[in-house]
Amino acid sequence: MMKRYDPKSIEPKWQQAWADQELYKAIDFDTDRPKFVMLTEFPYPSGDGLHMGHMREYTLGDVIARHKRMNGHNVLFPMGYDAFGLPTENYAIKHKIAPQVATDRNVANIQKQFDALGSSIDWTRSFRTTDPSYYKWTQWLFLQFFKHDMAYQAEVDINWCPFCKTGLANEEVVNGRHERCDTIVEKKTLNQWMLRITDYADRLIDGLQTVDYPSRIADQQINWIGRSKGAEVDFRLDDHDDSVTVFTTRPDTLYGATFIVLAPEHPLVEEITTEEQRAEVHSYVKATQAKTEIERQDANRDKTGVATGSHAINPVNGAKIPIWIADYVLMGYGTGAIMAVPAHDERDFEFAKKYELPIMRVIKNEAPDDACTHEEGRMINSGDYDDMPSAEARDKIVKDLEKKGVAKEKINYRLRDWIFSRQHYWGEPIPIIYCEHHGAVPVPDDQLPVTLPEVENYEPTDTGESPLAAITDWVNTTCPTCGGPAKRETDTMPNWAGSSWYYLRYYDAHNNKAFADPKKLEYWGEVDLYLGGMEHTTLHLLYSRFWHQFFYDQGLVPTPEPYHARRGQGIILAADGSKMSKSKGNVVNPTEIIEAGYGADAMRLAIVFLAPYDQTTPWSPEGVGGTHRFLARVWTLVHEYLATSPGKTEDTQLRTLLHKTTKKVTEDLHQMNFNTAISALMEMTNELYKLKAKDGFAAGASWKEALQGLLQLLAPFAPHIAEELWYELGNKQSIHTSEWPIFDETYLKSDTTTVVIQINGKVRGQLTVPTDSDETAVAKMAKKDDKIAEYIDGKEVVKTIYVANKLLSFVVRDER
RNA sequence: GCGCGGGUGGCGGAAUUGGUAUACGCGACGGACUUAAAAUCCGUUGGUUGAAUAAACCUUGUGGGUUCAAGUCCCACCCCGCGCACCA
């Protein structure tokens with residue numbers, strides 16, 4: 001009785017064996033093999049454990065890592081835990097345990113799940129961002145920002161999540177809601193630590209040219225940074241000895257500026273508002289402040305505004321134009337003031353119509369005269385610039401105004417500086433001490449890390465103060481500079497801090513003298529391939545590029561960019577096409593499927609076979625049954641081969657099949673077309689069954705070659721069964737250290753080929769001909785074919801097209 | 001509105017430079033095995049007409065075009081997903 005394929009009896013065995021042999025350990029300074037760093041995003045150890053998204057990401061990463069290893073690379077495929085942050089803190093508060101304890105628990109749980117996947121991760125380099133030995137260096141790196149004036153404090157209006165009770169970065173607010181908990185954010189003015197990411201706006205855009213990111217990722221980052229070139233123009237006030245500066249990307253429309261609009265928060269508002277308008281302006285400003293971000297940013301809302309009663313002078317033509325305030329102008333972008341050109345800007349147009357303000361067309365183009373158009377054209381009503389193409393006038397006007405000192409070129413960014421303070425316990429303490437005499441003083445290196453004190457109460461407060469503020473014996477300290485009484489910073493870092501540099505730590509995970517040895521940083525260099533979620537494009541991915549670019553400027557890292565190539569895996573949806581979510585109860589747990597008896601190999605295959613890796617696609621619950629069946633067929637075939645006494649002859653069909661499949665799988669792996677690689681393996685298996693049915697295992701030598709080849713091609717995807725059968729076939733070394741099969745072009749051609757015969761573009765038949773037959777031979781055969789002859793007889797063949805080994809096409813027409 | 005993807009059987013999805021559309025898998029149907037079921041194996045499976053595993057016609061979101069030949073190239077349009085969005 002033959003053994004049945006039973007993943008449970010082979011998978012844990014090999015997982016243990018691989019760990020014991022340290023099969024996947026990356027070697028520092030290995031000069032014999034090219035290095036390859038395969039990075040996937042590290043998980044957050046929440047109580048829910050690994051979900052389908054993790055499964056997809058880590059399986060893909062593992063497939064690539066295993067393939068690279070078999071191709072002779074020194075592969076670093078590491079993993080760690082990103083463990084600071086709100087979910088753990090909330091869990092800890094709810095269960096009345098310390099976040100440290102909650103993290104231990106969750107990590108242990110996830111580690112068990114990880115072990116069951118059969119990943120080739122080098123666990124010797126693992127760490128958690130919450131390890132003091134790790135966050136010591138997160139703090140040290142923060143201080144590098146501080147020492148170079150890249151971290152600063154400012155009293156700013158920030159987005160505040162009233163549910164999580166913390167300030168947020170702009171990147172964490174989606175449609176006016178906190179991306180984690182969906183609570184509508186509020187504005188709060190707090191003294192915050194900020195990082196000058198805007199200093200790197202250009203570098204973050206330009207650096208994209210030197211890396212290999214898909215355009216949707218690069219475009220999204222460029223979009224988010226939002227660089228726009230324009231000019232700042234000063235408008236003198238008519239009745240005050242002052243001026244207002246506006247930002248515009250269309251200085252060519254300056255002659256069409258018929259009013260000015262200030263943001264309600266603009267500092268000039270109070271000064272310029274006339275007595276008659278004061279009451280109205282005040283109530284408008286108050287009403288604006290009462291609005292939520294969602295209300296304020298709704299572009300479909302009717303525009304509202306109030307005149308200040310004051311006027312400004314247009315520097316190009318001396319026109320006296322009214323100054324209004326309106327909440328569609330944002331204080332946080334540009335100068336908080338705009339020149340309104342209703343003829344050439346939709347928003348200004350809408351506003352002008354509503355309040356009956358003048359509209360003046362200054363560019364002539366195909367749009368009707370009374371329409372609003374932002375298209376280019378020729379200048380009109382613009383003095384000396386009349387008749388000039390608008391694109392040309394755009395630069396000329398600024399240059400001319402620059403000479404008069406009332407304008408200058410200016411580039412603005414949508415990107416804002418990164419709000420870096422969080423009013424929570426479970427994060428890295430910001431290593432700053434406040435001294436009455438010396439202000440904000442960095443904690444000296446030899447006193448790092450500033451560890452989190454153990455406390456009774458982790459609950460965040462409503463006041464905007466971190467719970468750490470209540471731990472007075474921790475807060476009160478001495479000034480490192482003068483030794484006088486001083487207080488610690490009580491805010492912590494956002495959970496994005498630890499993940500902004502973690503890849504570098506894998507290069508030297510246990511170093512306590514530096515965040516990593518420069519020689520190791522030099523050896524491993526850029527991450528070769530970084531796989532992660534699309535949702536991190538403008539969060540983690542952008543943040544970590546910023547940190548890295550800054551480190552590069554400080555000489556701390558050897559490469560200008562952290563990641564050579566980035567790929568984003570698609571989301572796996574529930575079977576009905578909706579998002580998997582706990583609240584909907586439609587979450588599919590990969591670990592449960594593995595444990596149900598399908599095994600990790602079938603699960604890995606199912607996920608990779610489902611769709612192209614970067615495509616969002618619904619989970620198909622029956623798919624894993626299909627891949628399990630496929631693996632069982634491979635299992636059975638090998639065992640049938642072993643149970644017979646195979647002959648010794650060779651067979652060219654088997655060899656061609658193997659080399660064709662090797663070519664296909666190899667190319668698919670390079671292009672990350674994993675789903676079609678699996679289908680090629682399935683096709684090969686189906687073919688092998690057909691050949692076996694026909695001739696049995698007579699051609700034993702070729703069979704062994706074909707089966708071993710099949711297992712090697714399968715090894716990156718289904719490592720356990722490949723290893724088991726590989727040993728059963730008599731091999732003495734792991735399949736995962738074997739050399740990836742190479743294909744030989746000379747074996748790819750079979751003796752005969754099928755050529756399709758077309759008449760007037762329609763397929764009318766096919767012929768099996770010797771490979772590489774020439775046109776005349778094939779045409780002759782085709783014409784002998786009864787069916788083809790029927791189509792040709794009595795007609796004139798006007799043209800014949802022949803594509804070798806593919807098709808022969810006759811163009812015929814009736815003879816007259 | 002702007003940017004980026006995408007629309008192919010009942011479903012997930014295949015289709016080098018334009019060259020047999022629907023590979024592979026799922027599901028479904030029929031059969032074998034079984035007391036029965038599960039598992040497994042074999043066969044069928046885009047649509048219409050047809051007794052047919054004869055033949056013909058139709059079919060890759062819609063409408064045009066180029067070509068011997070179009071899922072693929074060109075023009076116009078419709079729909080879906082993702083990201084950004086009163087950013088001047």
Side-chain angles (χ1 to χ4, degrees), chain A residues 4 174-175 214-224 226-228 230 246-250 253 261 263 296-301 303 326-330 332-341 344-348 350-351 374 412-416 534-535 537-538 568 570-571 573 575 577 605-606 609-612 614-627 629-630 632-633 636 667 673 675-683 685-686 689 693 754-766 787 797-803 805-812:
Chain A
R4 277 188 55 194
V174 177
N175 294 328
S215 63
R216 64 188 170 138
I217 292 177
D219 288 345
Q220 227 180 91
Q221 291 205 341
I222 291 168
N223 222 312
W224 180 261
R227 173 159 66 186
S228 53
V246 304
F247 173 72
T248 177
T249 55
R250 293 297 299 271
T253 63
V261 187
R296 183 149 177 197
Q297 292 191 358
D298 179 7
N300 299 320
R301 186 165 56 93
K303 297 203 174 10
D327 63 7
Y328 78 90
V329 175
L330 309 171
Y333 184 77
T335 61
I338 62 157
M339 62 173 204
V341 186
H344 301 289
D345 182 284
E346 297 271 349
R347 296 151 300 179
D348 301 344
E350 190 191 326
F351 195 80
H374 61 267
N412 264 327
Y413 303 92
R414 189 170 13 236
L415 185 73
R416 309 293 152 83
M534 286 296 297
E535 72 276 16
T537 300
T538 53
I571 299 165
L573 305 168
L605 236 51
F609 183 54
L610 188 66
D614 57 352
Q615 194 168 305
T616 293
T617 204
W619 174 244
S620 89
E622 295 83 11
V624 67
T627 51
R629 244 188 312 276
F630 161 65
R633 273 162 67 78
T636 303
E667 288 174 356
N673 296 328
N675 57 328
T676 51
I678 302 299
S679 66
L681 293 170
M682 288 172 168
E683 274 175 275
T685 305
N686 293 344
Y689 265 91
T754 305
V755 170
V756 169
I757 314 297
Q758 293 187 352
I759 312 285
N760 288 349
K762 293 208 172 195
V763 178
R764 295 298 180 188
Q766 41 180 275
K787 203 176 147 193
V797 176
V798 266
K799 200 171 173 188
T800 307
I801 295 119
Y802 180 65
V803 182
N805 300 327
K806 269 206 179 126
L807 110 170
L808 180 73
S809 181
F810 293 117
V811 184
V812 302

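Note on naming: letters A, B, ... go to the chains in the order of the sequence lines (proteins, then strands), and numbering restarts at 1 for each one.
- The P atoms of A32(B) and G71(B) are separated by 42 Å, rounded to the nearest whole Å.
- Contact annotation for G626(A): backbone-only contact, meaning every heavy-atom pair under 4.0 Å involves sugar-phosphate atoms and none involves a base.
- A70(B) and U60(B) have their P atoms separated by 11 Å, with the value rounded to a whole Å.
- Each of A88(B), A21(B), G12(B) was ranked by its minimum atom distance to the side chain of P618(A); first place goes to G12(B).
- When rounded to the nearest whole Å, the span between CE of M534(A) and P of G81(B) equals 17 Å.
- What separates CG of N760(A) from C1' of U20(B) is a distance of 17 Å, to the nearest Å.
- Taking the O4'-C1'-N9-C4 or O4'-C1'-N1-C2 dihedral as appropriate, G9(B) has a value within 90° of 0 and is therefore syn.
- If you check every strand for non-hydrogen atoms under 4.0 Å, N686(A) touches sugar and phosphate atoms only.
- Backbone-only engagement by Q220(A) is indicated by non-hydrogen atom pairs under 4.0 Å involving sugar-phosphate atoms exclusively.
- Nearest to the side chain of N223(A), among C4(B), A88(B), C84(B), sits C84(B).
- On the C1' atoms, G10(B) is 34 Å away from G65(B), given to the nearest whole Å.
- Between T617(A) and the phosphate of G13(B), there is a side-chain N or O to OP1/OP2 separation shorter than 4.0 Å.
- Nucleotide G1(B) holds its C1' atom 13 Å from the CD atom of E350(A), rounded to whole Å.
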- Item | Evaluation steps, side chain to side chain contact (heavy atoms under 4.5 Å, CB included), between M534(A) and I217(A) | CA-CA 7 Å; M534(A) 286 296 297; I217(A) 292 177; 3.7 Å; yes
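- For L330(A), counting side-chain heavy atoms from C-beta on, the closest listed nucleotide (C57(B), A14(B), A88(B)) is A88(B).
- For E346(A) and C2(B), the CD to C1' distance is 13 Å, given to the nearest whole Å.
- One can place CD of E667(A) at 12 Å from P of A15(B), the figure rounded to the nearest angstrom.
- Taking atom P on both C42(B) and A56(B), the two are 32 Å apart, rounded to the nearest angstrom.
- Put simply, CZ on R250(A) is 11 Å from P on A88(B), counting in whole angstrom units.
- Between K799(A) and C68(B) there is a side-chain N or O to OP1 or OP2 distance below 4.0 Å.
- When distances are taken from the side chain of S215(A) to each of C4(B), C26(B), G25(B), the shortest belongs to C4(B).
- Residue contacts for P214(A): at a heavy-atom cut-off of 4.0 Å it reaches no nucleic acid atom on any strand shown.
- Distance CZ (R4(A)) to P (A38(B)): 15 Å, rounded to an integer number of Å.
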- Quick one: do I801(A) and V811(A) satisfy side chain to side chain contact (heavy atoms under 4.5 Å, CB included)? Show the steps, please. CA-CA 8 Å; I801(A) 295 119; V811(A) 184; 4.3 Å; yes
- Query: Could you walk me through whether I338(A) and D345(A) pass the side chain to side chain contact (heavy atoms under 4.5 Å, CB included) check?
  - Reply: CA-CA 11 Å; I338(A) 62 157; D345(A) 182 284; over 6 Å; no
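- Remark on RNA chain B: of its neighbouring residues G625(A) and T616(A), the 5'-side contact belongs to T616(A), judged by nearest-heavy-atom nucleotide.
- Out of G19(B), G13(B), A88(B), the shortest distance to the side chain of I338(A) is found at A88(B).
- The side chain of K303(A) places no N or O atom within less than 4.0 Å of a non-bridging phosphate oxygen (OP1 or OP2) of A88(B).
- Closest-nucleotide positions on RNA chain B for R633(A) and V756(A) were compared, and the one nearer the 5' end corresponds to V756(A).
- Taking only side-chain nitrogens and oxygens, Y333(A) comes nearer than 4.0 Å to OP1 or OP2 of A88(B).
- Taking the P atoms as reference points, A88(B) lies 14 Å from C2(B), given to the whole Å.
- Residue contacts shown for L610(A) are limited to sugar-phosphate atoms, with no base heavy atom under 4.0 Å away.
- One C1' atom belongs to G50(B), the other to A55(B), and the distance between them is 9 Å to the nearest Å.
- Within the structure, a side-chain polar atom (N or O) of S228(A) is placed less than 4.0 Å from OP1 or OP2 of A88(B).
- When heavy atoms are screened at a 4.0 angstrom cut-off, R227(A) is found touching no nucleic acid atom at all.
- Separating the CD atom of Q615(A) from the P atom of G7(B) is a distance of 8 Å, rounded to the nearest angstrom.
- Between R764(A) and C57(B), a side-chain N or O to OP1/OP2 separation shorter than 4.0 Å is present.
- C73(B) sits 8 Å from G18(B) when the C1' atoms are compared, rounded to a whole Å.
- Across every non-hydrogen atom of V755(A) and L808(A), the tightest pair is CG1-N, 3.8 Å.
- Residue V261(A) is out of contact with every strand shown, counting any heavy-atom pair closer than 4.0 Å.
- Taking atom P in both A69(B) and U20(B), one finds a spacing of 15 Å when rounded to whole Å.
- Comparing C26(B), G19(B), A15(B) by their nearest atom to the side chain of E622(A) picks out C26(B).
- Among the protein residues, N675(A) comes within range of the sugar-phosphate backbone only, with heavy atoms under 4.0 Å from sugar or phosphate atoms but none that close to a base.
- The base of G19(B) is paired with the side chain of Q758(A) by a donor and an acceptor separated by under 3.5 Å.
- When distances are taken from the side chain of R629(A) to each of C4(B), C26(B), G3(B), the shortest belongs to C26(B).
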